[in-house]
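As structure tokens, the structure follows; a few thoughts come after it.
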Amino acid sequence: MDPRIEELRALLGQGTAMPCRPWAHARLDRPQWERLLLLLAADARLELLSLWAEPGVVLCALRHEEEEEFVLFSLACPDGTYPALSPLRPGAVRFERMVRDLWGLVATDAVDLRPWLDHGRWALAAPMAARPARREAPPAPTDAPQPAFLPVEGESLHQIPVGPIHAGIIEPGHFRFTAQGEMVARLEQRLGYVHKGTLGLMIGKPARAAATFAARISGDATVAYSIAYARAVEAALGVAAPTRAVWLRALMAEIERIANHLHDFGFVCNDAAFAFIHARTGLLREGVLRAAATAFGHRLMMDRVLPGGIADDLTLLGPDAIERALAAIEAELPDLIATYENYASLVDRVVGTGAVSAQLVARFAAGGHVGRAASRGFDCRKSPGYAPYDALDFAVPVFAEGDVDARVRVRLAELQESIKLVRAILADLPHGPVLVPLAAAAGEGAAMAESFRGEVFAWVRLDESAILRGAFLRDPSWLQWPLLEAAIEDNIVPDFPLCNKSFNCSYSGVDL
Amino acid sequence: MWRRFARTLIDGPATERAPALPDRAAEELARAIEASARERLGRSLAIRQVDAGSCNGCELEIHMLNSIVYDLERFGLKFVASPKHADVLMVTGPLTRNMHEALLRAYDCTPDPKWVVAVGDCAANGGVFAGSYAVAGGIEAAVPVDLVIRGCPPTPVQLLEGLLALLQAADRPRPKPRQASAPGAI
């Protein structure tokens with residue numbers, strides 16, 4: 001047995017065991033937290049999945065890459081500070097900035113503590129803290145402080161500020177490029193524009209009522225979010241969703257994946273001036289959305305997954321509508337892929353563009369197509385795994401190149417796996433009820449669900465009446481956005497849209 | 001690719017396939033927009049989309065308007081890249097406090113006459129996000145709204161219906177140039 005994993009388990013045993021299911025959760029004291037930091041420094045296979053807080057308490061979720069061990073650690077911060085993780089795990093930087101903005105807890109020795117979500121425009125400071133501070137004079141909308149960007153030094157550098165409102169139909173965010181001629185020397189992102197205070201709205205609501213908010217953290221991954229949240233609540237309450245509901249959830253999740261991968265494939269090609277592929281994938285995607293509306297009553301299948309099961313059973317017309325949409329994709333996809341592969345001008349744009357190294361992806365523990373395009377094969381449907389995927393046969397495609405092309409290929413391969421999965425689920429769909437009542441019990445639960453972007457992590461804490469007292473939903477983009485900054489370095493400015501589309505990170509998902 | 005071109009010669013382009021809008025009502029609606037756009041405005045309407053805080057669900061459906069299935073441009077309605085080129089601001093989301101200034105600036109950049117379409121339940125009144133410390137409310141908290149298209153998110157057909165209503169509204173006397181809410185007036 002690896003001595004370091006033994007040390008991790010020992011630390012789990014020494015901390016105060018918290019009643020979290022199914023992930024072990026240990027509340028550490030400060031010396032133990034310091035030992036956790038030493039462990040992180042010594043063992044690169046220990047990945048930081050998430051960092052968040054409750055009033056006066058900071059929490060983190062870790063995964064041991066080889067042992068497939070998923071654990072939570074937390075630390076009470078009576079003085080409002082905690083030792084930072086960011087010197088050891090670069091992915092922690094934005095989490096620490098977010099924790100300070102929302103809960104007022106400050107990471108000591110942090111790499112970067114500039115504000116992140118808080119643009120100085122709210123009437124409250126640290127709005128999620130036990131006692132948020134009221135700002136003396138809430139700033140007028142046009143009178144907010146200017147952000148500070150990292151300094152860039154060198155000859156012939158110029159800056160290109162972009163956003164928050166972009167030229168296309170996309171979410172708002174600010175990109176500050178520093179370029180030398182056409183070459184990007186640095187990109188710095190500034191997000192937080194669509195911060196809606198969603199977590200704050202969830203706290204104090206019954207677990208099922210709060211599902212509305214989980215479904216709207218990132219609308220394009222609404223099914224995956226709802227599944228992650230529902231599974232965390234069910235784990236906390238010790239309730240099992242009915243088998244049929246679990247299978248129908250997976251059906252919806254795979255349909256969502258198919259629709260989004262078609263969308264992204266089309267958009268990447270469109271940004272390389274191949275509007276033709278974009279036009280065809282748009283048509284196919286519309287077919288999928290209409291099938292979803294026929295099968296589940298909503299084109300994006302929003303609010304269909306609830307803690308305790310799903311809102312409504314699959315309609316009678318659903319399976320045929322889904323099969324027709326899949327058949328249309330299968331009939332056309334080989335042609336579209338051949339077009340993608342056979343046009344030199346398209347290949348020239350995507351191959352070698354926006355490459356991210358496997359080492360960097362591993363350091364950030366980035367999931368989804370960003371990870372799988374650069375040798376990190378993590379897919380939470382396989383590990384830790386959840387029903388019904390344990391009963392289904394599917395492959396997780398992994399590529400090594402880490403460029404725009406690899407990210408497209410991951411999507412194309414997953415799209416085809418998802419088509420197989422949808423058919424397998426429809427063929428073996430168990431019978432029975434689809435929704436059970438929730439028990440009223442106190443508890444804590446953590447869960448993941450694989451969205452089209454990567455794994456969505458959910459954590460909840462409920463009181464005796466199953467009212468939400470703590471919640472965090474971590475979008476996969478938290479660990480992907482920083483890699484986009486790395487991907488564009490030494491690429492030309494006009495390739496940025498291509499890189500950006502190949503990542504397709506969520507703004508709303510990380511802005512919360 | 002050449003096979004596809006050949007097939008297209010036989011099948012005809014996807015855009016002209018009217019069943020692309022399967023709903024008969026939608027088909028009529030599409031024709032109606034075309035007619036009234038020509039009659040009433042005698043020109044095309046340029047739309048600038050602004051996400052003022054949405055969960056991105058509305059954007060997914062707005063995207064579909066540009067797809068070959070709905071092909072918005074055949075009605076003379078098209079999306080443009082700058083508010084300076086726009087007649088219509090199509091705004092989604094609850095208005096987050098962090099987007100308030102950006103929306104005001106986009107509105108001020110849009111030449112008169114201009115219309116604001118609030119898309120989605122959140123844009124109407126803040127939706128489920130109303131009351132949050134980070135949300136100012138619906139889009140009206142910052143700029144005057146001419147039309148609200150409800151839905152969470154509205155479907156492409158609902159969006160088309162809404163745009164028709166806008167074209168009818170545009171038939172009424174032109175609105176006087178208005179000022180956006182004064183800074184700090186919320």
Pairs involving residues 194-205 of chain A, ordered by first then second residue, that meet salt bridge (charged side-chain N to carboxylate O under 4.0 Å, His left out) (sequence neighbours left out): none
Quick one: which of [options] has the most heavy-atom pairs under 4.5 Å with chain B, could you say?
options	answer
Pro132(A), Ala293(A), Gly168(A)	Gly168(A)
Asp220(A), Leu124(A), Leu289(A)	Asp220(A)
Gly200(A), Ala279(A), Ser506(A), Gly282(A)	Ala279(A)

Can you tell which part of [X] gets under 4.5 Å to a heavy atom of chain B, answering side chain, backbone, both or neither?
X	answer
His263(A)	side chain
Phe213(A)	side chain
Ser218(A)	both
Arg299(A)	side chain
Tyr225(A)	neither
Ile169(A)	both

Measure the spacing between [atom1] of [X] and [atom2] of [Y] and express it to the nearest 0.5 Å.
X	Y	atom1	atom2	answer
Tyr340(A)	Phe276(A)	OH	CZ	15.5 Å
Leu333(A)	Leu284(A)	CG	CG	8.0 Å
Thr92(B)	Ile149(B)	OG1	CD1	11.5 Å
Glu171(A)	Ile165(A)	CD	CD1	13.5 Å

Residues Asp335(A), Arg280(A): salt bridge by 4.0 Å N-O rule: no
Carboxylate-amine/guanidinium contact Lys114(B) Asp146(B), below 4.0 Å: no
Partners passing side chain to side chain donor-acceptor pair (under 3.5 Å) against Asn66(B) (at least two apart in sequence or in another chain): none
Student check: side-chain heavy atoms of Val80(B) and Ile47(B) closer than 4.5 Å: no
Backbone N or O of [Y] within a donor-acceptor pair of the [X] side chain at under 3.5 Å?
X	Y	value
Asn98(B)	Val194(A)	no
Asp121(B)	Gly151(B)	yes
Asn342(A)	Ala338(A)	yes
Asp101(A)	Asp118(A)	yes
His174(A)	Gly163(A)	yes

Select one option (side chain, backbone, both, neither) describing which atoms of [X] are under 4.5 Å from chain A's heavy atoms.
X	value
Cys152(B)	both
Arg48(B)	side chain
Pro153(B)	both

Contacts with chain A made by residues 123-134 of chain B (heavy-atom distance under 4.5 Å), listed by residue number: Val128(B), Phe129(B), Ala130(B), Ser132(B), Tyr133(B), Ala134(B)
Contact listing (chain A partner; residues 54-64 of chain B; heavy atom under 4.5 Å): Ser54(B), Cys55(B), Asn56(B), Gly57(B), Glu59(B), Leu60(B), Glu61(B), Ile62(B), His63(B), Met64(B)
Aromatic plane relationship, His261(A) with Phe452(A) - under 30° parallel, 30 to 60° tilted, over 60° perpendicular: perpendicular
Evaluation steps, salt bridge (Lys or Arg N to Asp or Glu O under 4.0 Å), between Arg304(A) and Glu256(A): CA-CA 12 Å; Arg304(A) 305 297 117 162; Glu256(A) 182 176 78; over 6 Å; no
Which of Pro94(B), Pro156(B), Gly93(B) touches chain A most, by non-hydrogen pairs under 4.5 Å: Pro156(B)
